[in-house]
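Letters go in sequence order (proteins before strands), and every chain restarts at 1.
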Amino acid sequence: MKGYNPQEIEEKWQRIWDERGIYNVSEDPEKKKYYVLEMFPYPSGRIHMGHVRNYTIGDVIARYKRAKGYNVLHPIGWDAFGLPAENAAIQHGVHPAKWTYENISQMRQQLKRLGFSYDWRREVTTCDPSYYKWEQMVFVRMLERGLAYRKSSVVNWCPSCETVLANEQVEEGRCWRCKSRVESKEMEGWFFRITDYAEELLDGIEKLRGKWPERVLTMQRNWIGKSVGAEIDFPLIEPVDGIDALRIFTTRPDTIFGATFVCIAPEHPLAERLVKGKSQESEALDFINRIKKQSNVERLAEGLKKEGVFTGSYCLNPLTGETIPIYVANFVLMEYGTGIIMCVPAHDQRDFEFAREYGLPIRVVIKPEKEELNPESMRAAYEESGIMVNSGEFSGLPSEVGKEKIIEYIESKGIGKRKVNYRLRDWGISRQRYWGAPIPVIYCDRCGVVPVPDDKLPVELPLNVEFTGRGGSPLAKLESFVKTTCPKCKEPARRETDTMDTFVESSWYFLRYVSPDFDRGMFDREKVRYWLPVDQYIGGIEHAILHLLYARFFTKVLRDLGMCELDEPFSSLLTQGMVIKDGAKMSKSLGNVVDPDDMIKKYGADTVRVFMLFAAPVEKDLDWSDEGIEGAFRFLNRVWRLVTDSLSRIESFKGVRPDPNSVSDSARELLVKVHKTIRKVTLDLERFQFNTAIAAIMELLNSTSRFEIKGEEDVPVLRESVETIIRLLYPMAPHISEELWELVGYRETLVDKPWLEWDGKLLESESITIVIQVNGRVRSQIVMDSEADEDEVKRAAFSDERVKSYIAGKEIKKVIVVPKKLVNIVV
RNA sequence: GCCCGGGUGGCGGAACUGGCAGACGCAUUGGACUUAAAAUCCAAUGGGGCGUUGCCCCGUGUGGGUUCGAUUCCCACCCCGGGCACCA
């Protein structure tokens, strides 16, 4: 018999699966649907071990669910827009389109070589105009509804690349590409109003509890950063430009009697007006300008040092009626709240530090339960709740109650209102880059911003551009693209040359898979109704916030545009850990990269898959081990050998059911093991515990290899065990399983075979080993019939010789019997 | 600082809902096969002890608690990983 030759059999089965199109699915109202999706890859050139792990997990789930009778949708595509393509163009003169499509065709071959069960007819590529056309149309709808808008804001600017960088593209204050220092710059750009959905996105998190990893939910919750409080007016002593009060935001209205000064952000337009004509003017303006020049990164890096300068202006504390000073301070953020805060040094650590630095009064207004606070000797602010003191008519109230009372009071006086703030900012989607979906708007001197009409979509990305890496986006320099006519007045106009953030494409690709060729809209609504939501989404933890939050937001927008009925796109989320080597992420610079192709060449796809699943639980990081993959290869070889070695013995027993009552004891034991393994593997696959599922198959393999046939009636047991191993292994290592299945005499492929069921009766009727403890320590074991009642078990326990020696001459205080498990005798 | 995870042999890891800690794999050691090696197979492998082939004690980050019984539950602390970090 031939040895295990993975190259040969893997190619064979991949061809057979492909020819028969066995993974192609369509809607079937008779069957329960299951949509399993892995995060699609960026076509960087070659797949890496992280992809292999991600897609192997998805493939096991897809094959298992299919065997369980589900109509399984399992698609793949390409997140094909992005900066690396443009860099390749700048550095090597290859056009981004050519580079991207060549990478895709290479990576597609690699995925096929791993035997993943995709419906390849549904492949989507986001840089294709037939894909981004729909995204542009949605952009226009959003624009019409005010969900997309243009504004000026402070961005990260790389002076060398002459482009904006997203926050995540800034590493320690430097450009991730050219390492030059990033500057802050005010720029116009397009935004999606994700903040309108802050509350719903937060609510949704509660509904995803238990189905998404808690960590991801926590990260999203923090990112949205809801805080409840109030906005309150602090009247100015001298009004400026008709403004007679400063509106502040606070989450602690209960501490307002302790507000001894007010701070304003340096970027706040009022800051400069407040200092005008004051003796502090030049000093204050110097400070404001110095802080404004710092990039966000620098300002955060300088971090803990609180700095400020007195404006020379005063306002009133609206509750105490006291006159208090107004400062400009570096720790106040323009983007959050109103950009102005009331400062309560006794009960806020930042205000406390600032007050100590500048000698401002500290007044205690919240008293802790037990201790007394002394403003002179306090070393830190008291930020917890307590009893209100020095707070006029509110004194004596618990601070939590006082918070409500003060809000009611200021609302009744018309000097403020209850207010909820979010840390979440609107999503800036403009990129001064070429390789992305053009933003479909036209600027007309007469009509202003005009969206491109639907019948003129898509705005195709022109391919005849030059890549110099200098002077901004190549699009802006392409006159034939920029020059156009206004759709409204037909006069000459200019096109927007920014492209969309690539996270926009990945915010809806999972919807496009249901009808990839649909040309009357983004997707076929009926098909979305059938397939969505995604039942199981699988990907790396690195997308915990960005992609997963954007996709949730975009789904809700599409719903509100009346395009679908979906609230949440991904019912369940599985985040797999990274693949690392020698304790570090695989990277070229560390020289610890393991190439999947090399491993496939050496061991075959099945071995690579099995190792990925066996080496660690899915959520944890997986440390690559050369010895480990050898072990996986050995395991498959042993399976191969078991089957081929037993072939002649079991060949003529096809379809013969073993009779548990007439087989030898060891055969019966094996048969029980077979069914226990079916149960274990099934339950493990349901919970995505692939490592223990494989361990269970290994155990069964060991038992079967050791098994010796005692008589003719034992042979069907051996056969059943062999067949079980093949079939349980199938979702993880499909090629070898198919080949061995054929070898043991079957013509139909395993793809079509329903999943195995275990025989519950066989497992129940077993005799059971019961552990006997004396004082909680294991002292003996007895074998009992599983039907035995408590008294029988007790009697057997007391008559056990070893137990007798432990309890001899001692008083029995208590006997605990756990049915079918153990007896504990306390003496 | 705050919020999540997580600490189990030499290593990756297992243990249902409180019930035999260390499944399975790797590595190591010894043996078989071989002229030899590789491959393969068999055996041992948490620590310590002894009357040494069978048994005893200790042992799941540390210290306490609940319980007949704790890797599992509760309290306090230590360490590691990740996220957020002047968000008022």
Side-chain angles (χ1 to χ4, degrees), chain A residues 3 213-223 225-227 229 248-253 255 259 262-263 265 299-300 302-306 329-333 335-344 347-351 353-354 380 383 421-425 541-542 544-545 577 610-611 614-617 619-632 634-635 637-638 641 680 683 687 689 691-702 705-706 769-781 802 813-827:
Chain A
E214 195 52 43
R215 275 202 298 151
V216 176
L217 296 179
T218 311
M219 282 163 76
Q220 291 211 354
R221 211 177 286 118
N222 289 344
W223 190 263
K226 179 180 182 174
S227 49
I248 61 95
F249 173 73
T250 180
T251 55
R252 293 293 302 272
T255 64
V262 160
C263 283
R299 197 159 148 189
L300 289 178
E302 279 178 38
L304 301 169
K305 177 106 175 72
K306 281 164 194 57
N330 66 340
F331 69 94
V332 183
L333 304 173
E335 313 88 70
Y336 190 77
T338 61
I340 311 174
I341 60 171
M342 70 173 194
C343 295
V344 185
H347 305 293
D348 181 287
Q349 186 58 28
R350 295 156 299 185
D351 301 347
E353 286 168 30
F354 193 85
E383 297 185 322
N421 261 319
Y422 300 91
R423 221 188 49 158
L424 182 71
R425 306 282 147 72
I541 188 81
E542 65 272 17
I545 297 173
V610 165
F611 173 67
F614 181 67
E619 303 254 5
K620 283 186 121 187
D621 284 352
L622 184 157
D623 209 337
W624 181 268
S625 143
D626 294 333
E627 292 79 25
I629 193 161
E630 289 278 357
R634 259 199 298 268
F635 164 58
N637 271 292
R638 291 188 61 206
R641 226 174 308 125
K680 168 89 177 137
L683 297 178
R687 288 178 300 172
Q689 292 187 12
N691 55 334
T692 51
I694 291 172
I697 300 172
M698 286 171 169
E699 280 191 60
L700 181 58
L701 171 70
N702 293 343
S705 304
R706 236 175 279 140
T769 303
I770 289 175
V771 168
I772 305 173
Q773 303 182 326
V774 177
N775 287 345
R777 314 191 74 105
V778 179
R779 295 304 184 188
S780 187
Q781 300 180 351
R802 290 180 44 76
K813 291 192 183 138
K814 203 171 176 184
V815 179
I816 291 127
V817 178
V818 182
K820 297 183 179 183
K821 282 216 174 101
L822 68 85
V823 178
N824 188 9
I825 302 166
V826 187
V827 296

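- For B:G9, the glycosidic angle deviates from 0 by 90° or less, giving a syn base.
- The base of B:C86 sits within donor-acceptor range of the side chain of A:Lys306, with an N or O pair under 3.5 Å.
- Side-chain proximity of A:Phe614 to B:G12, B:A27, B:G13: nearest is B:G12.
- At whole-Å resolution of the value, CD1 in A:Ile629 and C1' in B:C24 are 18 Å apart.
- Proximity note for A:Lys814 (side chain, C-beta onward) versus B:C4, B:C68, B:C57: the nearest is B:C68.
- Rounded to an integer number of Å, the gap from A:Arg687 CZ to B:A15 C1' is 11 Å.
- Taking side-chain N and O atoms only, A:Arg638 has a distance below 4.0 Å to OP1 or OP2 of B:C41.
- Nearest-nucleotide mapping onto RNA chain B: of A:Val771 and A:Asn421, the residue sitting toward the 5' end is A:Val771.
- In this structure, the nucleotide among B:A14, B:G19, B:C56 sitting nearest to the side chain of A:Leu822 is B:G19.
- For A:Thr250, taking side-chain heavy atoms from C-beta onward, the closest of the listed nucleotides B:C57, B:A21, B:A88 is B:A88.
- The phosphate of B:C84 has neither OP1 nor OP2 within less than 4.0 Å of any side-chain N or O from A:Thr218.
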- Query: Can you give the dot-bracket line for RNA chain B, using ( ) for pairs inside the strand, [ ] for pairs that cross earlier ones, | for pairs with another strand and . for unpaired bases, where Watson-Crick and G-U count if both distances are under 3.5 Å?
  - Reply: (((((((..(((......[....))).(((((.......))))).(((((...)))))..(((((..]....))))))))))))....

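- Among the protein residues, A:Val818 comes within range of the nucleic acid bases, having at least one heavy atom under 4.0 Å from a base atom.
- Here A:Arg706 does not reach the OP1 or OP2 of B:C42: none of its side-chain N or O atoms lies under 4.0 Å away.
- In the set B:G25, B:A23, B:C41, B:A23 carries the atom at the smallest distance from any side-chain atom of A:Glu699.
- B:U62 and B:C78 are spaced 15 Å apart, taking the P atom of each and rounding to whole Å.
- Taking every side-chain heavy atom of A:Arg634 into account, B:C26 is the closest of B:A88, B:C26, B:C68.
- A:Asn222 and A:Arg423 share no donor-acceptor pair across their side chains, judged by distance under 3.5 Å alone.
- Among the nucleotides B:C20, B:A88, B:G13, the one closest to the side chain of A:Pro617 is B:G13.
- Taking every side-chain heavy atom of A:Arg215 into account, B:C4 is the closest of B:C4, B:C24, B:C20.
- Side-chain to base pairing of A:Asn824 with B:C68: one donor and one acceptor N or O lie within less than 3.5 Å of each other.
- Comparing A:Ile816 and A:Gly225 along RNA chain B, the residue whose closest nucleotide (by nearest heavy atom) sits nearer the 5' end is A:Ile816.
- For the pair A:Leu424 CG and B:C84 P, the computed distance is 14 Å after rounding to whole Å.
- Heavy-atom minimum distance, A:Asp623 versus A:Phe611: O-CZ, 4.3 Å.
- Distance, A:Arg423 CZ to B:C2 P: 17 Å, rounded to whole Å.
- Among the atoms of the strands shown, only primed sugar atoms or phosphate atoms (P, OP1, OP2) are found under 4.0 Å from some heavy atom of A:Gln689.
- Scanning atom types as modelled, no donor and acceptor separated by under 3.5 angstrom connect the side chain of A:Gln349 and the base of B:G1.
- A 4.5 Å side-chain heavy-atom check between A:Glu383 and A:Asp348 finds at least one atom pair inside the cut-off.
- Distance CD (A:Glu214) to C1' (B:G83): 13 Å, rounded to an integer number of Å.
- In the set B:C86, B:C20, B:A27, B:A27 carries the atom at the smallest distance from any side-chain atom of A:Glu627.
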